Amino acid sequence: MELFPKAAHVRMIRSWSGVIENTPDGRAVIDWMPGFDNAIVATMSSVGFGLSPASGHAIRDLIVDGTCSFADLSTMRLDRFSGLPKDWREAQGWLPPVAA
């Protein structure tokens, strides 16, 4: 009611809301943020609830031990998108083509 006062009259038991992100290849990203030595990028690419326990453990391992103790995270690196063309969203049909 505090966040949405105009909806205060709505009868609701519980609700969930959030942003569901997706990567170009539909796979998770768990990697150190480029240019920062104290930040990790972690996105589960729309399957966060299912991967939460394992991803949390992997992130903990990266922070505390510097490497993941139970999985190879090399395929989850952020730099796998470094060669994407600027129009990748249009090419995959995520956005309408840009008008000429």
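Start at 1 with the first residue, then count along the sequence. Predicted model, so just to flag it, every value in this text is computed and none were measured.
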| message | Nearest 0.5 angstrom please: Leu78 CG to Thr23 OG1, how far? | response | 10.0 Å
| Do side-chain atoms of Arg27 reach the backbone of Thr75 as a donor and acceptor pair under 3.5 angstrom? | yes
| Contact summary for Glu2 and Pro5, nearest pair of heavy atoms | O-CD, 3.8 Å
| task | State the CG-OG1 distance between Leu62 and Thr67, to the nearest 0.5 angstrom. | result | 7.0 Å
| query | Mind checking whether Met44 and Met33 sit in one hydrophobic cluster, side chains of I, L, V, M, F, W, Y counted as touching below 4.5 Å? | reply | no
| Heavy-atom neighbours of Phe70 CZ exceed 12 at 6.0 Å | yes
| Shared ILVMFWY cluster between Ile63 and Met76, side chains joined below 4.5 angstrom? | yes
| Flag side-chain contact, heavy atom, 4.5 Å: Ile59 against Ile30 | yes
| Shared hydrophobic cluster, Leu73 / Phe81 (ILVMFWY, side-chain heavy atoms < 4.5 Å) | no
| remark: Taken to the nearest 0.5 Å, the spacing of Asn22 CG from Gln92 CD works out to 8.5 Å
| For residues 51-62, which residue pairs qualify under salt bridge (charged side-chain N to carboxylate O under 4.0 Å, His left out), counting only residues two or more places apart or in two chains? | Arg60-Asp65
